[in-house]
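Each remark here refers to the structure printed beneath this line.
As the structure is a prediction and not an experimental result, all values here were calculated from the model.
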Amino acid sequence: RVVLRLPATARWVTETYPVEEVRDEADGSFTVTLAIAGEAWLERLLVSLGPDAQVVDAPSELAKAVTRAAGRILARYR
């Protein structure tokens with residue numbers, strides 16, 4: 001499972017994927033809990049969400065995988 005904090009413009013996530021919990025925040029953003037199938041799927045989701053998506057909570061190995069993926073993506077633009 002992973003917990004993401006997303007901007008209001010990413011509400012489509014709750015309509016596209018099965019979510020376990022959605023919590024609206026005072027600033028218009030929301031926090032969503034997703035059960036994920038694998039790290040590659042999460043990487044693709046985060047890339048499509050862009051820089052406003054934040055990983056709030058994830059298993060340590062998954063968090064490391066997301067960090068590695070971000071590094072690979074940034075390296076493409078250097």
Do V32 and Y17 make a side-chain contact, defined as non-hydrogen atoms from C-beta onward lying under 4.5 Å apart?
no
Which heavy atom in G28 sits nearest to a heavy atom in A8, and how many Å separate them?
O-CB, 3.3 Å
Option among E21, R5, Q54 that satisfies the side chain to side chain contact (heavy atoms under 4.5 Å, CB included) test with T31
R5
Between V56 and L42, is there shared hydrophobic-cluster membership here, with clusters defined by ILVMFWY side-chain heavy atoms closer than 4.5 Å?
no
Are V19 and V2 linked, directly or through intermediate hydrophobic residues, by side-chain heavy-atom contacts shorter than 4.5 Å (ILVMFWY only)?
yes
Just so I know, are the side chains of L45 and L4 near enough to count as touching, which here means a heavy-atom distance under 4.5 Å?
yes
Count I, L, V, M, F, W, Y as connected when their side-chain heavy atoms are under 4.5 Å apart, and connections chain through other members. Are L49 and I36 then in the same cluster?
yes
Contact between R11 and D24 at the side-chain level, heavy atoms closer than 4.5 Å - yes or no?
yes
W12 and S48 have their tightest heavy-atom pair at CH2-OG, 3.9 Å
Check against side-chain contact (heavy atoms from CB on, under 4.5 Å), L46 and V55
CA-CA 9 Å; L46 291 172; V55 178; 4.0 Å; yes
Can you name the nearest heavy-atom pair linking P18 to L34, along with the distance?
O-CD2, 3.6 Å
